[in-house]
Amino acid sequence: MTAPAAASLFRTAMGAGFERLHPELRRRFSVGLASGEACVGRGVMDRIWHGGAFVKPFLALGATRHILVPRAGRRIPFVIENVPYADSFGRETVSFVRTFDLPGGPRRFDAQMVLSPKGDRVLDYLGTHQHLASELHLRAEPDGSLLIRSGEHRFREGPVDVRVPELVGATAEVRESFDERRDCFRIGVRVVNRYAGPLFGYDGSFTVTYADVRRTGVRPGLRPVREEARA
């Protein structure tokens with residue numbers, strides 16, 4: 001039976017729209033310090049795809065900091081870990097750490113999400129050192145699925161804090177739904193550059209288990225190496 005939704009950062013950002021999500025999505029995105037639950041999904045990516053050859057050097061560079069996935073493939077097993085914790089600045093954070101079991105060894109795509117200072121959107125810090133930060137806008141669709149679109153991207157390193165220009169930046173769109181017939185979650189991700197077109201994406205399905213994070217804690221290696229204070 002689906003547990004009632006708690007006041008997670010996702011519920012806060014979405015407001016009344018959160019209630020329009022499918023009940024299983026409401027449970028999954030209620031993961032947080034208030035609920036005390038962590039969520040681990042296990043499944044298969046039917047396809048991980050890349051754009052043209054020009055994309056590969058950027059994907060390879062990003063992979064050194066666990067940003068994006070440098071290899072394409074089909075029927076790739078994966079795990080996603082959504083674990084809440086308070087970061088070193090006291091902000092509630094939920095991990096979105098994806099590990100893909102690719103030929104040649106596993107690859108990770110790390111993100112840590114916090115609520116924006118205004119509470120109207122989610123901030124997505126990418127990679128092991130949180131050099132990239134994106135605004136995420138969340139919306140419930142008429143069928144109860146969740147649509148997430150990225151907004152402004154910023155690059156931060158030391159004193160540097162700059163907006164990533166559209167020429168080299170990209171827009172991410174994530175659609176997550178619950179398939180009642182198959183009793184699983186479905187996810188589709190598409191990253192597109194305004195000028196170069198589709199860059200990267202994946203589509204797959206997974207099932208989840210929930211755990212009491214107060215009992216299990218946050219496993220070593222899940223949190224980033226460096227945390228970024230700038231929102």
Side-chain angles (χ1 to χ4, degrees), residues 4-23 25-39 67 80-98 109-142 144-166 168-177 187 189-194 213 218 222-224 226-231:
S8 68
L9 60 92
F10 306 102
R11 183 187 182 98
T12 301
M14 292 183 69
F18 189 84
E19 300 303 325
R20 298 196 295 271
L21 294 174
H22 187 282
L25 284 171
R26 290 204 303 269
R27 169 109 189 246
R28 179 163 145 66
F29 285 90
S30 289
V31 164
L33 296 179
S35 72
E37 282 192 323
C39 174
I67 301 174
I80 180 167
E81 298 172 89
N82 301 125
V83 181
Y85 61 91
D87 72 5
S88 56
F89 306 105
R91 300 173 300 185
E92 178 176 6
T93 307
V94 178
S95 70
F96 275 70
V97 172
R98 290 141 286 201
F109 181 6
D110 292 8
Q112 314 292 332
M113 300 195 185
V114 305
L115 192 64
S116 71
K118 293 183 179 180
D120 61 344
R121 65 199 65 184
V122 170
L123 300 179
D124 189 16
Y125 293 105
L126 300 177
T128 56
H129 290 66
Q130 298 192 344
H131 289 307
L132 288 176
S134 300
E135 294 181 344
L136 299 183
H137 304 273
L138 292 73
R139 186 179 78 199
E141 296 289 86
S145 62
L146 175 64
L147 173 64
I148 304 174
R149 283 198 175 103
S150 65
E152 182 179 272
H153 307 284
R154 301 196 70 84
F155 176 81
R156 288 158 173 159
E157 171 60 27
V160 177
D161 181 1
V162 296
R163 185 178 183 275
V164 177
E166 288 185 345
V168 296
T171 299
E173 183 174 281
V174 180
R175 293 180 183 270
E176 189 165 321
S177 61
I187 186 164
V189 174
R190 182 178 172 86
V191 180
V192 177
N193 176 271
R194 180 176 180 179
V213 74
V218 182
L222 194 71
R223 292 178 60 156
R226 179 183 74 97
E227 292 180 335
E228 174 59 59
R230 289 167 287 191

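As the structure is a computational prediction, the values presented were derived from the model and not from experiment.
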> To the nearest 0.5 Å, what is the distance between CZ (Arg139) and CZ (Arg20)?
Replying inline: 9.5 Å

> Is any side-chain heavy atom of Glu19 less than 4.5 Å from a side-chain heavy atom of Arg11?
Replying inline: yes

>> Applying ring pair (Phe, Tyr, Trp, His ring centres under 6.0 Å), can you list everything that pairs with His129, at least two apart in sequence or on another chain?
In response: His131

> Is any side-chain heavy atom of Thr128 less than 4.5 Å from a side-chain heavy atom of Pro224?
Replying inline: no

> How far apart are the closest heavy atoms of Leu115 and Leu9, and which atoms are they?
Replying inline: CD1-O, 3.4 Å

> For the residue pair Ser35 and Ser30, what are the closest heavy atoms and their distance?
Replying inline: OG-O, 3.0 Å

> Does any N or O in the side chain of Glu92 come within less than 3.5 Å of the main-chain N or O of Leu33, such that one atom is a donor and the other an acceptor?
Replying inline: yes

> Which distance, rounded to the nearest 0.5 Å, do you find between the CZ of Phe109 and the CZ of Arg98?
Replying inline: 4.5 Å

>> Side chains of Gln112 and Asp87, heavy atoms from C-beta outward: is any pair under 4.5 Å?
In response: no

> How many angstroms lie between CZ in Arg28 and CG in Leu146, if you round to the nearest 0.5 Å?
Replying inline: 9.5 Å

> Out of curiosity, Leu147 CG to Glu173 CD, how far, rounded to the nearest 0.5 Å?
Replying inline: 5.0 Å

> Ser8 side chain to Phe29 main-chain N or O, any donor-acceptor pair under 3.5 Å?
Replying inline: yes

> Less than 4.0 Å between a side-chain N and a carboxylate O, is that true for Arg91 and Glu227?
Replying inline: no

> Which distance, rounded to the nearest 0.5 Å, do you find between the OG1 of Thr93 and the CG of Leu222?
Replying inline: 11.0 Å

>> Whether the side chain of Asn82 engages the backbone of Ser95 through a donor-acceptor N/O pair (distance < 3.5 Å, no angle test) should be reported.
In response: yes

>> Looking at Glu228, is its backbone amide N or carbonyl O close enough to the side chain of Gln130 to form a donor-acceptor pair, meaning the two atoms are under 3.5 Å apart?
In response: yes

> Which heavy-atom pair separates Ser145 from Leu21 by the least distance, and what is that distance?
Replying inline: O-CD2, 3.6 Å

> Atom CG of Leu123 and atom CD of Glu135: how far apart are they, to the nearest 0.5 Å?
Replying inline: 6.5 Å

> Closest approach of Arg230 and Arg156, non-hydrogen atoms and distance?
Replying inline: O-NH1, 2.8 Å

